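Only one structure is covered here, and it is reproduced in the block below.
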Amino acid sequence: MNSATASAPGRVNLIGEHLDYNGGLCLPIAIDRRTSATVRRAAVSRRSSDVEPAGWTGYVEGVLAALAVDEPLDVAVSSTVPVGAGLSSSAALTCSVAVAVDALLGLGLDRDALAAACIRAENEHVGVPTGGMDQAAALYGAVGHALLLDFSAGSRTLVPFDPAGAGLDLLVVDTGVAHRLASSGYSDRRADCERAAAVLGLEHLAAATYEQLADLPEERLRRRARHVVTEQYRVRSFVAALQQSDWSEVGDLMTASHLSLRDDFEVSCPELDLVVTSALAAGALGARLTGGGFGGSAVVLCHADQRAGVSGRIIAEFARHARNAPTLYRVEASSAAAQVS
Ligand code: GLA
């Protein structure tokens, strides 16, 4: 084999935000926006920095380093996952490259090993302390399902997720405010959570009880921890609501998650809040920021026949209150990374 091509999806997290690195629960879907990577054995060895300045190549180099690849490879990438939109374009990139390299070189690695390599690429090579949810969504997502990830037990469960079957649409609203994990408050939030867990004598903050919040000495730590503890509860309620097809409750939990991320975890921004308030004012069932926050995208659940009204309201409110125009599209739970050829 001279070349291998693989594609991997971006993701939308439905609920369970900032819980992966806290040993908690997350519920992402893989989305129908993908990155495709073709990997070839190269004739000449050259560093990617000879090709173009640092950027996406750092992620590719990180994967090659994590997989201990020492032969020269050419890597060509194309993508429909928007960059900086908070939809894990980086995990789509690293996972597509990892699956293609594994196939080309016959490494025979399982998905857990590929996920670990992609996390190492981001943590160690790019220097972003990402928590593992995005890579799991890209490697284990499935059509018509959300992926319940338990970072304490290390388990994964597919949960049927079919809003279209219930006459609903899931919309992504990209605020156009670039979300950059490396330069955002992401590391600060992680540090706050680690400190709160240490004060409580816990390995992971998601194991805290609501009563324990009072034992935290600082107001800020109490708020960070309150988000984690209540979000953990919301993920469980969300899965139960899905199992009962209680979409109204699903929407309410999404909105409650957003308010907690806005007020307690403080990772929202005015544009994300504007999406949520506009969508709800136009009759959406629920809305929340998705991913790390600090810009990027929000996700909106609405009746399919309200989609035009909800979209129009969001666009109109942005025209009045924001400096940039949002981009909106419908997403569906899609398939995991796979070798294409
Ligand atoms: C980013 C990180 C993930 C996760 C989310 C917040 O997407 O890459 O690991 O922590 O933020 O839920």
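Since the structure is predicted, the reported quantities are computational estimates derived from the model, not experimental observations. Whatever order the structure lists ligands and atoms in, that order sets their numbers, starting from 1. Computed from heavy atoms alone, side chains included, the values below leave out hydrogens, waters and symmetry copies.
Ligand 1 has at least one atom lying under 4.0 Å from a heavy atom of R11. Ligand 1 lies out of reach of S88, whose nearest heavy atom is not under 4.0 Å from it.
For ligand 1, the atoms sitting less than 4.0 Å from at least one non-hydrogen atom of Y186 are 1 (C), 2 (C), 3 (C), 4 (C), 9 (O), 10 (O), 11 (O), numbered in the order shown with element in parentheses. Counting the atoms of ligand 1 from 1 in the order shown, those under 4.0 Å from a heavy atom of E17 are 6 (C), 12 (O). Atoms of ligand 1 lying under 4.0 Å from any heavy atom of G132, numbered from 1 in the order shown and given with element: 9 (O). Under a 4.0 Å criterion applied to the non-hydrogen atoms of M133, ligand 1 contributes the atoms 4 (C), 5 (C), 12 (O).
Judged by a 6.0 Å distance limit and a 45° cone about the ring axis, R313 is not positioned over the six-membered ring of F318.
Ligand 1 has no N or O atom lying under 3.5 Å from any N or O atom of N13, backbone or side chain. Any N or O atom pair closer than 3.5 Å counts here, and L19 shares no such pair with ligand 1. Residue Y21 has no nitrogen or oxygen atom sitting less than 3.5 Å from a nitrogen or oxygen atom of ligand 1, judged on distance alone.
Using a distance-only test at 3.5 Å, with no hydrogens or angles considered, a donor-acceptor pair links the side chain of H227 to the main chain of E17. Between the side chain of R288 and the backbone N or O of V276, no donor-acceptor pair lies under 3.5 Å. In terms of modelled atom types and a separation under 3.5 Å, the side chain of R111 and the main chain of L139 share a donor-acceptor contact. Checking side-chain atoms of D169 against main-chain N and O of H303 turns up no donor-acceptor pair under 3.5 Å.
The aromatic ring centres of Y21 and Y186 sit less than 6.0 Å apart.
Taking only non-hydrogen atoms, the option from L87, T290, D20 nearest to atom 9 (O) of ligand 1 is D20.
Using a cutoff of 4.0 Å between basic side-chain nitrogens and carboxylate oxygens, D192 and R220 are scored as salt-bridged. By the 4.0 Å N-to-carboxylate-O rule, R156 lies close enough to D112 to be salt-bridged with it.
By the criterion of a heavy-atom distance under 4.0 Å, neither the backbone nor the side chain of R190 is placed next to ligand 1.
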